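Have a look at the structure below, then the notes.
Bear in mind the structure is a predicted one, so any value in this text is a computation, not a measurement. Naming: A, B, ... by sequence-line order, numbering from 1 per chain. Computation of the quantities below employed the complete heavy-atom set of this structure, encompassing side-chain atoms and omitting hydrogens, waters and symmetry-equivalent molecules.
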Amino acid sequence: MNSSLYQTLADRGFIHSVSNAPGLRAALDQPSVFYVGFDPTAPSLHTGHLIPLALAAHLAQAGHHPVLLAGGGTGLIGDPTDRSETRALLSAERVAANTQAVRRQVDRLFQNEQADVAIVDNAEWLTQLRYLDFLRDIGRYFSVNEILATETYRARLDSGQGLNFVEINYRLLQAYDFLHLFREHGCILQIGGSDQWANILAGVDLIRRIEGKEAFGLVTPLLTTSTGQKMGKTAAGALWLDPELTSPYDFFQYWINIEDASVERTLALLTPLPLHEVRALASLPGAQIRSAKERLAYEITARVHGADAANAARDGARALFGRDGGSTAAAPQTRVTPDKLAAGLRIVDLLLMSGLAGSRSAARRLIAQGGAYANDCRVDSPDTIFHADAFRNGELLLRSGKKRYHRILLGRE
RNA sequence: GGGUCGGUGGGUGAGUGGCUAAUACCACCAGACUGUAAAUCUGGCGCCUUCAAGGCUACGUAGGUUCGAAUCCUACCCGGCCCA
């Protein structure tokens with residue numbers, strides 16, 4: 001194995017903090033088992049999970065063994081990190097359903113990476129715990145003072161918000177997960193986003209205290225814009241990795257629209273491109289950097305949704321935004337039946353059913369502000385009605401603003 | 001259990017009987033300028049209604065007082081702090 005793996009990760013920007021850098025560097029000389037956990041707060045992962053996923057892919061590529069943990073157990077508790085107030089507990093059914101969805105998703109993502117992974121669910125062991133045993137065996141190693149001193153909890157207390165007993169336990173459970181995986185899988189490293197730093201260190205400490213062995217923690221930076229905003233927010237909410245929740249086309253569009261200043265960092269973190277190529281792309285002058293963004297969008301989309309979806313998204317984007325024709329098929333679409341068309345379709349209704357506007361009021365506003373287009377012609381009146389003659393090749397192309405397209409297609413599914 | 005303070009739109013957070021669909025900031029949307037960039041400027045940002053006029057719903061939940069309530073009263077739910 002190579003001692004330069006650690007350096008490569010550092011150069012690509014993955015390392016925000018490490019519990020023991022020289023120690024980890026040495027440990028990575030041997031094929032090692034590491035883990036990363038995902039809590040099932042939703043039925044899909046989102047952009048925020050991409051960096052740890054990419055890091056896991058790098059490690060796997062270098063011959064290490066990933067254990068991907070779906071938090072079916074910790075999800076029942078809820079991680080208070082970054083929460084300004086107590087999170088409403090999800091129902092057990094929801095957690096179970098989300099956990100299954102997340103398992104399937106990480107499984108698929110790592111098939112794309114062609115990596116050999118183990119997928120586990122911490123409900124397997126956490127639900128077996130006995131309360132008194134846990135308190136005596138594990139709880140004794142935790143200082144409440146220390147927990148309360150960490151950012152997450154202190155912020156909560158300082159702001160006068162509550163801190164539920166359940167929430168304090170989250171840290172113990174995550175630490176216990178690490179211990180469990182250390183024992184059962186020989187897992188010596190946990191990775192995660194920087195918000196997980198304290199939780200991960202708690203596991204490292206627990207392993208040292210109970211097993212007398214050293215394990216490592218490594219956290220990545222969070223994905224932010226140059227102004228420190230979390231990336232991945234869109235009008236529709238989070239940018240999901242599930243194609244049903246965020247279409248590959250929209251996913252692609254998100255990345256091609258990224259600010260210039262983030263191109264290099266994002267390429268290094270989220271794509272497998274070699275660093276020299278990343279640097280070359282990011283240093284393209286002026287407007288040419290758009291080709292770097294297209295590459296960025298392509299690579300990330302391919303990684304998450306596969307090459308076919310990435311190709312389709314790219315072709316669609318070129319057709320809609322470029323001059324070289326091509327198929328717009330990748331853009332989101334809605335079908336409309338001939339009988340509905342016969343009666344005429346009002347622009348307000350079209351905007352609503354396409355999702356380009358969230359309500360009729362919003363659609364009217366959009367029109368009033370001059371942001372509504374049909375077949376690249378601005379629509380001035382909310383009364384505009386479209387008939388069959390507006391369709392070219394059975395397609396009416398709607399646009400909101402400069403960038404958001406939607407196709408209205410004639411015919412049934 | 002007792003006392004006390006509080007629960008406002010996606011977020012932070014004003015408002016303490018009519019002038020409040022609700023200040024401000026953030027996020028978001030659109031227009032201008034551009035390169036599907038950033039910054040900047042402008043407008044918008046509950047829903048329904050052909051603009052307008054109007055209507056409906058909304059300030060923890062359910063009732064009540066009042067011509068009129070986010071604002072007052074009662075009960076309940078949730079939370080902070082103090083006491084036990």
Nearest to the side chain of [X], heavy atoms from C-beta on, is which of [options]?
X        : options             : value
A/Ser361 : B/C29, B/U50, B/C47 : B/C47
A/Arg364 : B/U50, B/G35, B/A37 : B/U50
A/Arg378 : B/A37, B/A30, B/A32 : B/A32
A/Ser400 : B/U50, B/C29, B/C48 : B/C29

Can a salt bridge be assigned to the pair [X] and [Y] using a cut-off of 4.0 Å between side-chain N and carboxylate O?
X        : Y        : value
A/Glu294 : A/Arg290 : no
A/Arg103 : A/Glu124 : yes
A/Arg208 : A/Asp205 : yes

Would you say the side chain of A/Gln369 and the base of B/G31 hold a donor-acceptor pair, judged only by whether the two atoms sit under 3.5 Å apart?
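Side chain to base: no pair present.
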
Only stems of 3 or more consecutive Watson-Crick or G-U pairs count here, both distances under 3.5 Å; name the ones for RNA chain B, or none.
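B:1-7 with B:77-83, B:10-12 with B:24-26, B:28-32 with B:40-44, B:46-48 with B:54-56, B:60-64 with B:72-76 - these are the stems of 3 or more pairs that involve RNA chain B.
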
Nearest nucleotide by nearest heavy atom, which residue falls closer to the 5' end of RNA chain B, A/Tyr373 or A/Arg365?
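Counting from the 5' end, the first nearest nucleotide belongs to A/Tyr373.
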
I'd like to check the side chain to side chain donor-acceptor pair (under 3.5 Å) partners of A/Asp250; sequence neighbours left out, ordered by chain and number.
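Side chain to side chain donor-acceptor pair (under 3.5 Å) list for A/Asp250, sorted by chain: A/Ser247.
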
Tell me every residue that passes side chain to side chain contact (heavy atoms under 4.5 Å, CB included) with A/Phe216, counting only those two or more places apart in sequence or in another chain.
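Result, side chain to side chain contact (heavy atoms under 4.5 Å, CB included) vs A/Phe216: A/Ser19, A/Asn20, A/Leu24, A/Ala27, A/Ile188, A/Leu189, A/Glu214.
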
What nucleic acid atoms does A/Ala317 come within less than 4.0 Å of, heavy atoms only: base, sugar-phosphate, or nothing?
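The residue A/Ala317 makes base contact.
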
Just call it for A/Gly286: base, sugar-phosphate, or nothing, with non-hydrogen atoms closer than 4.0 Å on any strand.
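Base contact.
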
